[in-house]
There are 2 protein chains.
Amino acid sequence: MVKHTGRPGYLQIADNLREKIRGGSLAPGTPLPSTAQLAEQYGASLSVVKMAVGLLRNEGLVIGQQGKGVFVRDDVPPAPPPTDELAEIRLTLRDLSERLAKVEAQLSDRR
Amino acid sequence: MVKHTGRPGYLQIADNLREKIRGGSLAPGTPLPSTAQLAEQYGASLSVVKMAVGLLRNEGLVIGQQGKGVFVRDDVPPAPPPTDELAEIRLTLRDLSERLAKVEAQLSDRR
DNA sequence: CTGGTCAACATAGTTAACCTAGTTGGCTGG
DNA sequence: CCAGCCAACTAGGTTAACTATGTTGACCAG
């Protein structure tokens, strides 16, 4: 499942889950699959799944309850405060720049 | 250094660093101590320090440069642009991501 | 039926090890 | 002198293993 792009796996998984939550595919109050299931589903190790879930937890999108599971928060902040969104955009820009630089390097090598 | 409170160590370290940054004790542009130094300084393992730094990185407080160090951002809180422009930017970013992903996929296939 | 135990499964935190990749500075061979 | 190599140090990503703790359901003795 995890693509062979420059973007690290734990970010890809976090992106995917975030998208599903924001898109309503994972409704508020519903539990995410367990970390073990997610690991198998994405073809990743437990650790990267835990890192991805930790990100969402840190963003407040999701709440983990020991022994039960990880649940989508009811009050999903639909629009993160402008500064947060700006920060996210900057991160995305940096990611794109790095990946583009690598692609350009490979292209010039084979030219 | 890490207290015996309920708060996990990686959050304590992140809090402490965040405080130093916001308080000016770590000025913009200056590098943080290396992860190894931080680990010794806080009496924690490398992993928890990496997690703490990762948090700050995710928050945009700090920028890591491979091979050099982790630097405090000279963060000028920019005036939030109109939401319309924000939406447009997001669409552009999504488009760029998709196109870049295709290029990367072709490169990895033909390699 | 009731209460207790126990096994299975869940998140969460921590540590250690290994790998990639970028940077820097010093040393050496020409 | 100096160009190039190399060792040391840096951040970042991934994986595995272990501990702690909470939840749940099955099972059994009383």
Side-chain angles (χ1 to χ4, degrees), chain A residues 1-15 17 26 29-73 91 94-95 97-106 109, chain B residues 1-15 17 26 30-73 104 108 111:
Chain A
M1 185 67 182
V2 179
K3 299 285 198 305
H4 290 226
T5 68
R7 195 157 177 80
Y10 73 99
L11 286 184
Q12 290 184 44
I13 296 178
D15 289 344
L17 291 176
L26 282 172
T30 61
L32 269 59
S34 76
T35 52
Q37 287 173 330
L38 286 177
E40 188 187 3
Q41 177 178 334
Y42 286 102
S45 72
L46 283 179
S47 300
V48 303
V49 171
K50 281 165 74 172
M51 287 179 71
V53 173
L55 275 184
L56 300 184
R57 192 151 44 93
N58 191 261
E59 294 173 12
L61 269 180
V62 121
I63 286 189
Q65 281 180 262
Q66 262 189 342
K68 296 191 70 174
V70 179
F71 298 85
V72 180
R73 279 189 49 167
L91 286 177
R94 190 160 66 91
D95 175 57
S97 298
E98 289 169 354
R99 285 160 62 190
L100 183 53
K102 280 181 182 148
V103 168
E104 286 169 339
Q106 289 183 17
D109 279 351
Chain B
M1 186 65 181
V2 179
K3 299 285 199 305
H4 291 222
T5 67
R7 195 158 179 79
Y10 73 98
L11 285 184
Q12 291 183 45
I13 297 178
D15 289 344
L17 291 176
L26 282 172
T30 61
L32 270 60
S34 76
T35 53
Q37 288 173 330
L38 286 176
E40 189 189 3
Q41 177 178 333
Y42 286 102
S45 70
L46 283 179
S47 300
V48 303
V49 170
K50 281 163 78 171
M51 287 178 71
V53 173
L55 276 184
L56 301 184
R57 192 152 44 95
N58 191 262
E59 294 172 12
L61 267 180
V62 121
I63 286 189
Q65 282 179 261
Q66 265 188 341
K68 297 190 70 173
V70 179
F71 298 85
V72 180
R73 282 191 44 171
E104 287 170 336
S108 68
R111 179 146 27 188

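Letters go in sequence order (proteins before strands), and every chain restarts at 1. For clarity, every value in this text was computed on a predicted model and none was experimentally measured.
- Between the CG atom of B:N58 and the P atom of D:dG12 there is a distance of 12 Å, given to the nearest Å.
- At whole-Å resolution of the value, CG in A:L38 and P in D:dT15 are 15 Å apart.
- Among the protein residues, A:S47 comes within range of the nucleic acid bases, having at least one heavy atom under 4.0 Å from a base atom.
- One can place CD of B:Q65 at 10 Å from C1' of C:dG22, the figure rounded to the nearest angstrom.
- For B:P8, the side-chain atoms get nearest to C:dT14 when compared with the rest of D:dT15, C:dT14, C:dA12.
- Rounded to whole angstrom, the span from the CG atom of B:L46 across to the C1' atom of C:dA16 amounts to 9 Å.
- Between C:dT11, D:dT14, C:dT14, one nucleotide has an atom nearer to the side chain of B:M51 than all others, and that is C:dT14.
- Note: CD (B:Q66) to C1' (C:dA21) measures 5 Å, nearest angstrom.
- Following rounding to the nearest Å, B:Q37 (CD) and D:dT10 (P) show an atom-to-atom distance of 6 Å.
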Using a cut-off of under 3.5 Å, enumerate the N/O to N/O pairs linking the protein to nucleotides 7-9 of chain C.
none

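- B:L32 places a side-chain heavy atom less than 4.5 Å from the side chain of B:V72.
- Place B:K50 and B:A36 on DNA chain D by their nearest nucleotides, and B:A36 ends up nearer the 5' end.
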Is there a side chain to side chain contact (heavy atoms under 4.5 Å, CB included) between A:L55 and B:N58? Walk through the geometry before answering.
CA-CA 9 Å; A:L55 275 184; B:N58 191 262; 3.7 Å; yes

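- Closest approach of B:G60 to B:R73, counting heavy atoms only: O-CD, 3.1 Å.
- At whole-Å resolution of the value, OH in B:Y42 and P in C:dT14 are 15 Å apart.
- Using a 4.0 Å cut-off, some side-chain N or O of A:Y10 falls inside it from OP1 or OP2 of D:dG13.
- In this structure, CE in B:M51 is found 12.0 Å from CG in B:L56, a value given to the nearest 0.5 Å.
- Using a 4.0 Å cut-off, some side-chain N or O of A:R57 falls inside it from OP1 or OP2 of C:dA12.
- Atoms CD and CG, on A:Q12 and A:L17 in that order, are 12.0 Å from each other to the nearest 0.5 Å.
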Start with the C-alpha distance between A:V48 and A:I13, add both sets of side-chain angles, then the distance that settles side chain to side chain contact (heavy atoms under 4.5 Å, CB included), and finish with yes or no.
CA-CA 8 Å; A:V48 303; A:I13 296 178; 4.1 Å; yes

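- Closest of all the heavy-atom pairs between B:Y10 and B:A52 is O-CB, 3.4 Å.
- Residue contacts shown for B:G54 are absent, as no nucleic acid heavy atom lies under 4.0 Å away.
- What separates CD1 of A:I63 from C1' of C:dT11 is a distance of 13 Å, to the nearest Å.
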